[in-house]
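Because the structure is a prediction, the values reported are computed rather than measured. Just follow the structure's listing: the first ligand is 1, and inside any ligand the first atom is 1.
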Amino acid sequence: KRVAILISGGGSNMLRLVEDMTGDHPARPVLVASNDPAAGGLDKAAAKGIATAAVDHREFPRDRAGFEAALLKPLLAAEPDIICLAGFMRILTPGFVTRFSGRMLNIHPSLLPKYQGLDTHARALAAGDAEAGATVHEVTPELDSGPILGQVRVPVLPGDTPQALAARVLEQEHRLYPAVLRRFAAGNRTPLIL
Ligand code: GRF
């Protein structure tokens, strides 16, 4: 299976996915693309010999369809079987999402269906939750709402700041996403609860 990974920043999740796709893994990374040409993850991918592409969304103000049309060019050229959103911070239109229906994954830093959208850790702390975590789900047109493919929980600790909680969750994202992609690429969609 050919995997394309979309990032917006440092790409720590992308890196773990790439590092796991070796040996008898049913998938290989074929492209890492970003909406930000300065995304640090692009250099990390290039250093691993993976093709990269960047389409600056700021060149398409108020033109989401134009940005996506530009992004689709390198994306379709890579002929991906699976697309992984990994720290990708742009909302994709239903038209784009349905093109890859059933084969686009995302990792979201909350225990979905709780805390769809942004600032998930601050919201969990404000609510006084005892636990937080991350979810890998299939991407559907409704934001952060597709079928859950994997979930991992972490404790909220006394005195936690959003940053401290984010770091604890991110560490578990790095375990969860590769494990879910392995199964998904092998055709197994049963949810993985770590
Ligand atoms: C992190 O906040 C992570 O929780 C979310 O995207 C952000 C950046 O991730 N999935 P990455 O380091 O770019 O993979």
Which residue owns the protein heavy atom closest to [atom], what's the atom, and how far is it?
atom	answer
atom 4 (O) of ligand 1	Glu173 OE2, 2.5 Å
atom 7 (C) of ligand 1	Gly87 CA, 4.2 Å
atom 14 (O) of ligand 1	Asn13 N, 2.8 Å

Do side-chain atoms of [X] reach the backbone of [Y] as a donor and acceptor pair under 3.5 angstrom?
X	Y	value
Thr52	Val32	no
Gln172	Gly133	no
Lys1	Ala186	no
Arg175	Glu171	no

Per-atom contacts of ligand 1 with [X], taking only distances under 4.0 Å to non-hydrogen atoms:
X	result
Ser12	11 (P), 12 (O), 13 (O), 14 (O)
Gly11	11 (P), 12 (O), 13 (O), 14 (O)
Pro109	4 (O)

Within 4.0 Å of atom 2 (O) of ligand 1 (strictly less), any protein heavy atom? no
Is the shortest distance from a heavy atom of Ile107 to ligand 1 less than 4.0 Å?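 Per 4.0 Å heavy-atom rule, Ile107 contacts ligand 1.
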Verify whether one side chain among Asn106 and Tyr177 offers a donor that lies under 3.5 Å from an acceptor in the other. no
Using every non-hydrogen atom in the two residues, find where Leu92 and Glu68 come nearest and quote the distance to one decimal. CA-OE2, 3.2 Å
I want to know if ligand 1 touches His121 in the polar sense, i.e. an N/O pair below 3.5 angstrom. no
Could you tell me the separation between the CG atom of Leu76 and the CD atom of Glu79, rounded to the nearest 0.5 Å? 9.0 Å
For ligand 1, is any non-hydrogen atom under 4.0 Å from Met89's backbone (N, CA, C, O), its side chain (CB onward), both, or neither? neither
